[in-house]
Amino acid sequence: MRIDIITCLPKLLESPFSDSILKRAQEKGLAEVVVHDLRPFSTHKQHATDDYAFGGGAGMVMMIEPIDRCISSLKAQRAYDDIIYMSPDGELLTQPLANRLSLKNNLILLCGHYKGVDERVRMHLITREISIGDYVLSGGELAAAVLCDALIRLIPGVLSDETSALTDSFQDGLLAPPVYTRPSEYNGWRVPDVLLSGHAAKIEAWRHEQALARTLARRPNLSMKGEKVLN
Ligand code: SAH
């Protein structure tokens, strides 16, 4: 999978991809994230990428021309499955959406800033808009990094324990059960006996029960795949 991120603040995207799982995924050749600075695509003096809003009002608007030139130069090199604008009013990012997008080969993520992008970018250049939650960030960079992380960890071979992504919260309509590690007792707080029993079937049943109870308590609206077990 290749993800091209377009931004006017490329520095904001340096650290998320230079450590841990996202770094290793790129080193293993399983994912490639390329960050593009919008400024060189501007034909304006001082390489401006934004301008005042028509009609007045506070806040700058990102201009269409540098964005169009950048997207066109990428499209001339390869075919893209989707050109995504990170936007608070886009489709909400969920695990099923992340699962679907992780199967794509080439994606462009456009990060907005200030008041956002000229509406004509959204009308004519973008194929999809994604929000990472009902709150407003100051730029799309962190949202793009969140989306990249959610997608790249799903690519087979990226996580060292390949089943791990499948046992995370949301994958089966359930939240994840509690987890524990050494020591088995701390300050008198003990790890549940079943986890120390070595009895795989009992541990599996306990985990399912806990996942179910946690889902019912915290997120009752998630699909109740485990209901049969309760009844
Ligand atoms: N004026 C816009 C907000 C602009 S915020 C509005 O009220 O809808 C500046 C940029 O941050 C946006 O262009 C977008 O790229 C990014 N952004 C802000 N919140 C986001 C969110 N929840 N999800 C994804 N991107 C977001």
Side-chain angles (χ1 to χ4, degrees), residues 1-14 16-17 22 31-152 154:
M1 172 180 239
R2 177 182 165 120
I3 303 177
D4 291 276
I5 306 181
I6 303 175
T7 169
C8 55
L9 289 167
K11 277 211 169 118
L12 277 179
L13 285 162
E14 274 168 20
F17 302 106
L22 298 188
E32 189 181 4
V33 179
V34 186
V35 177
H36 303 273
D37 185 356
L38 205 48
R39 286 178 195 282
F41 293 92
S42 168
T43 51
H44 285 62
K45 50 184 183 306
Q46 274 127 28
H47 296 295
T49 54
D50 59 310
D51 208 334
Y52 295 100
F54 277 130
M60 304 296 275
V61 177
M62 287 173 67
M63 291 184 286
I64 189 168
E65 192 193 12
I67 296 172
D68 187 23
R69 283 162 50 106
C70 184
I71 290 176
S72 298
S73 81
L74 288 170
K75 281 169 79 175
Q77 294 166 54
R78 67 192 65 75
Y80 284 92
D81 298 294
D82 260 318
I83 302 175
I84 301 171
Y85 174 48
M86 305 310 302
S87 182
D89 56 6
E91 181 181 358
L92 207 56
L93 179 60
T94 58
Q95 194 60 54
L97 176 58
N99 293 350
R100 282 201 303 281
L101 288 176
S102 74
L103 303 174
K104 310 275 186 190
N105 292 321
N106 297 316
L107 295 175
I108 293 178
L109 309 186
L110 172 63
C111 305
H113 244 278
Y114 322 111
K115 274 284 159 198
V117 297
D118 187 305
E119 188 66 18
R120 289 165 294 184
V121 170
R122 304 174 67 166
M123 290 166 69
H124 302 293
L125 306 180
I126 292 298
T127 62
R128 190 188 271 274
E129 301 186 333
I130 294 179
S131 164
I132 64 161
D134 287 344
Y135 41 82
V136 177
L137 303 165
S138 42
E141 289 75 14
L142 296 179
V146 166
L147 178 58
C148 285
D149 188 316
L151 301 188
I152 291 173
L154 294 172

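The figures that follow rest on heavy atoms only: side chains count, while hydrogens, waters and symmetry mates do not.
- Checked against side chain to side chain donor-acceptor pair (under 3.5 Å), T94 has no partners two or more places apart in sequence or in another chain.
- For the pair S102 (side chain) and L154 (backbone), a donor-acceptor distance under 3.5 Å is absent.
- Every residue meeting the side chain to side chain donor-acceptor pair (under 3.5 Å) condition with Y80, not counting sequence neighbours, appears here in chain and number order: D4, R78.
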Candidate pair N105 and R2, rule side chain to side chain contact (heavy atoms under 4.5 Å, CB included), full reasoning: CA-CA 6 Å; N105 292 321; R2 177 182 165 120; over 6 Å; no

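- Nearest heavy-atom pair, A98 versus L151, reported as atom, atom and distance to 0.1 Å: O-CD2, 3.3 Å.
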Could you please spell out the steps behind the side chain to side chain contact (heavy atoms under 4.5 Å, CB included) verdict for V146 and D149? CA-CA 5 Å; V146 166; D149 188 316; 5.9 Å; no

Carefully, step by step, assess V117 and Y85 under the rule side chain to side chain contact (heavy atoms under 4.5 Å, CB included). CA-CA 9 Å; V117 297; Y85 174 48; 3.6 Å; yes

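- Atom CG in L110 sits 6.0 Å away from atom CE in M62 (nearest 0.5 Å).
- Atom CZ of R120 is separated from atom CG of L125 by 10.5 Å, given to the nearest 0.5 angstrom.
- Inter-residue side-chain proximity for M60 and H113 is flagged as unmet; no heavy-atom pair is nearer than 4.5 Å.
- For the atom pair CD1 (I152) and CE (M1), the distance works out to 7.0 Å, reported to the nearest 0.5 Å.
- Smallest separation of non-hydrogen atoms from S42 and A48: OG-O, 2.5 Å.
- When I130, I83, I84, I6 are each tested for a side chain to side chain contact (heavy atoms under 4.5 Å, CB included) with L109, only one passes: I84.
- With P10 as reference, V35 is the one residue of L38, I5, V35 to meet the side chain to side chain contact (heavy atoms under 4.5 Å, CB included) rule.
- Here C148 contributes atom SG and I3 contributes atom CD1; the two are 4.0 Å apart, rounded to the nearest 0.5 Å.
- Distance NZ/K11 to CG/D37: 10.0 Å, rounded to 0.5 Å.
- With contacts defined as side-chain heavy-atom distances shorter than 4.5 Å, the pair D51/D118 does not qualify.
- Residue pairs meeting the salt bridge (charged side-chain N to carboxylate O under 4.0 Å, His left out) criterion with at least one member in residues 126-139, sequence neighbours excluded, are D82-R128, E91-R128, R122-E129.
- The stretch residues 59-74 participates, sequence neighbours left out, in no salt bridge (charged side-chain N to carboxylate O under 4.0 Å, His left out) pair at all.
- Judged as a salt bridge (charged side-chain N to carboxylate O under 4.0 Å, His left out), and not counting sequence neighbours, D50 has no contacts.
- Legend: salt bridge (charged side-chain N to carboxylate O under 4.0 Å, His left out) pairs involving residues 107-116, not counting sequence neighbours: none detected.
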Show, in sequence, the C-alpha distance, side-chain angles and deciding distance for T7 and L13, and conclude whether the side chain to side chain contact (heavy atoms under 4.5 Å, CB included) test is met. CA-CA 9 Å; T7 169; L13 285 162; 3.9 Å; yes

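- A distance of 9.0 Å separates CG in L92 from CG in L97, rounded to the nearest 0.5 Å.
- Of all the heavy atoms in H47 and P40, the pair that sits closest is ND1-CA, 4.4 Å.
- Nearest heavy-atom pair across P88 and Y135 is CB-O, 4.1 Å.
- At distances below 3.5 Å, at least one donor-acceptor pair connects side-chain atoms of N106 with backbone N or O atoms of A79.
- The minimum heavy-atom distance between F41 and S73, with the atom names listed, is CE2-OG, 3.7 Å.
- Across H36 and C70, no two heavy atoms sit closer than the pair CB-SG, 4.2 Å.
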